[in-house]
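Small disclaimer: the values here were computed from a predicted structure and weren't measured. Just so you know, these numbers use all the heavy atoms, side chains as well, and skip hydrogens, waters and symmetry mates.
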Amino acid sequence: RWLFSTALEAGLEVDAIDLADEYQKRPQPDATTRGLAQQAQILGQAMSGKTDDAVKNFSGMLRFARLQTGGALIDFGRRLATKLRMAGDLDASRAVYEQVANKFFLNADVRHICENHIARLELVGKPAPELGSTDTSNETVDLTEYQGKVVLLDFWATNCPPCIEELPNILQLHRDFRDRGFEVVGVSLDGDDSLVASFTQRAGMSWRQIVDPTDVQALRDRYMVEKIPSLYVIDRSGNVAQFDVKGNDLRQTIDKLLGK
């Protein structure tokens with residue numbers, strides 16, 4: 001159990017595939033450990049390019065799941081869909097969202113979230129919607145200014161705990177990768193220039209911020225953002241590369257897009 005938990009926490013799922021397969025063949029496996037083994041195996045398959053196997057095995061997990069205990073499975077499904085998207089298989093990612101929505105069809109919130117993510121998949125690989133907004137200095141923010149750079153578009157707010165939780169990671173990424181051509185543009189849902197200016201100064205957030213409520217709502221519509229934090233990664237060519245990747249997944253995505 002410790003090995004599978006560690007693999008899931010440290011991004012070592014690919015290394016755990018064989019062990020997970022072996023454990024699941026035991027005559028009477030411990031239920032909790034078996035569940036962790038399944039997760040490690042499925043994520044490992046997604047990360048190693050075996051995306052069809054990952055989707056098939058996830059479907060098997062859903063088949064025997066109880067509707068009342070779907071929380072953990074829903075979260076895992078979203079994590080798997082992200083890994084599949086990072087592997088470049090958008091169809092597989094879409095299939096996972098569809099499976100989750102179909103399994104928990106009685107939960108309107110889950111269906112809506114899945115439908116939103118499926119719609120956002122259509123943005124990946126295509127030119128990022130234009131910003132056409134002004135920052136807190138009343139300067140126009142235009143994506144053409146960032147041509148040739150990798151841009152993180154961060155929809156956030158000062159009163160959003162998950163946003164603040166991800167902030168140290170974004171700050172470190174900005175420090176580590178700025179010299180290689182990485183930039184951040186914030187889209188704050190606070191609607192208060194002075195509040196955002198005060199907070200960003202204290203936090204060391206030196207990148208530009210879009211705060212005007214009208215501009216922010218227009219961007220939320222273009223990028224189909226319903227909940228925050230919501231992160232979009234735009235590549236050097238101005239195309240949407242990823243969305244809602246966090247932590248180490250975000251670091252790997254940016255590092256790969258920046259290249260050598």
Side-chain angles (χ1 to χ4, degrees), residues 4-5 8 13 17 20-21 24 29-126 129 155 157 160-163 165-166 189 217 219-232 240 242-247 249-250:
F4 296 132
S5 296
L8 290 166
E13 294 90 347
I17 292 176
D21 183 58
Q24 292 178 79
D30 171 73
T32 301
T33 308
R34 183 176 183 274
L36 294 172
Q38 284 181 307
Q39 292 184 33
Q41 180 189 47
I42 291 170
L43 289 178
Q45 289 169 336
M47 295 162 66
S48 61
K50 300 176 181 178
T51 55
D52 288 343
D53 291 338
V55 173
K56 179 181 177 180
N57 288 329
F58 178 66
S59 179
M61 287 182 69
L62 284 178
R63 189 177 303 119
F64 301 104
R66 296 180 179 178
L67 296 179
Q68 303 93 322
T69 58
L73 260 181
I74 293 167
D75 290 341
F76 178 70
R78 294 173 68 178
R79 183 177 177 184
L80 172 60
T82 298
K83 292 293 187 183
L84 292 167
R85 199 169 65 239
M86 290 178 66
D89 196 334
L90 300 184
D91 289 338
S93 181
R94 184 180 295 104
V96 168
Y97 287 127
E98 290 173 347
Q99 288 182 13
V100 171
N102 291 334
K103 177 67 179 182
F104 302 101
F105 63 94
L106 294 176
N107 190 322
D109 288 338
V110 171
R111 288 202 320 274
H112 186 72
I113 290 171
C114 290
E115 289 167 359
N116 174 255
H117 279 71
I118 290 171
R120 293 164 77 184
L121 282 171
E122 297 300 321
L123 295 175
V124 178
K126 299 176 183 177
F155 290 82
C160 164
C163 301
E165 183 180 341
E166 186 66 20
L189 275 62
Q217 186 57 55
L219 288 175
R220 292 184 67 181
D221 292 341
R222 290 174 203 156
Y223 284 87
M224 293 179 276
V225 173
E226 296 186 348
K227 295 185 178 182
I228 55 174
S230 187
L231 305 170
Y232 276 87
V240 173
Q242 286 293 341
F243 65 88
D244 288 356
V245 282
K246 303 174 185 176
D249 286 344
L250 179 58

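- Taken to the nearest 0.5 Å, the CD1 atom of I42 stands 5.0 Å off from the CE atom of M61.
- Put simply, the side chain of R94 never gets that close to the backbone of L121: no donor and acceptor are under 3.5 Å apart.
- Between the side chain of T82 and the main chain of R78, a donor-acceptor pair closer than 3.5 Å is present.
- Residues D244 and S230 have side chains that bring a donor and an acceptor to within less than 3.5 angstrom of each other.
- The side chain to side chain contact (heavy atoms under 4.5 Å, CB included) with F58 is formed by just one residue from the set D53, L43, L73; it is L73.
- Residue C114 holds its SG atom at 9.5 Å from CZ of F104, rounded to the nearest 0.5 Å.
- Looking at I113 and Y97, their side chains never come closer than 4.5 Å, going by heavy atoms from C-beta outward.
- Closest of all the heavy-atom pairs between G77 and V96 is O-CG1, 3.3 Å.
- Shown here for L84 and A46, the closest heavy-atom pair between the two residues is CD2-CB, 3.6 Å.
- Using a 4.5 Å cut-off on side-chain heavy atoms (C-beta onward), D249 and M86 make contact.
- Between the K83 side chain and the R79 main chain, no donor and acceptor come within less than 3.5 Å of each other.
- Taking all atoms of both residues into account, the shortest heavy-atom contact from Q41 to I17 is O-CG1, 4.2 Å.
- Expressed to the nearest 0.5 Å, how far CZ of R222 lies from CG of L123 amounts to 12.5 Å.
- Checking side-chain atoms of S59 against main-chain N and O of V55 turns up no donor-acceptor pair under 3.5 Å.
- When all heavy atoms of A37 and F4 are compared, the pair lying nearest together is CB-CE1, 3.6 Å.
- When every heavy atom of A81 is checked against every heavy atom of S93, the shortest pair comes out as O-OG, 2.9 Å.
- A salt bridge between E98 and K103 is absent, with no side-chain N of the basic residue lying under 4.0 Å from a carboxylate O of the acidic one.
- Taking CG of N107 as the start and CD1 of I74 as the end, the distance is 6.0 Å to the nearest 0.5 Å.
- Within the 4.5 Å cutoff, no side-chain heavy atoms of V245 are placed close to those of L231.
- Not a single donor-acceptor pair under 3.5 Å links the side chain of H112 to the backbone N or O of A108.
- Distance CD1/I118 to CE/M224: 11.5 Å, rounded to 0.5 Å.
- Looking at Y223 and R120, their side chains never bring a donor and an acceptor atom within 3.5 Å of each other.
- Side-chain atoms of Q38 and N57 form no donor-acceptor pair, as typed in the model, at a separation below 3.5 Å.
- A donor-acceptor contact shorter than 3.5 Å is absent between the side chain of E165 and the backbone of P161.
- In this model, a donor atom of one side chain and an acceptor atom of the other lie less than 3.5 Å apart for Q242 and R85.
- To the nearest 0.5 angstrom, I228 atom CD1 is 4.5 Å from L189 atom CG.
- Between the side chain of E166 and the main chain of G247, a donor-acceptor pair closer than 3.5 Å is present.
- The two residues P229 and P162 have their closest heavy-atom pair at CD-CB, 3.5 Å.
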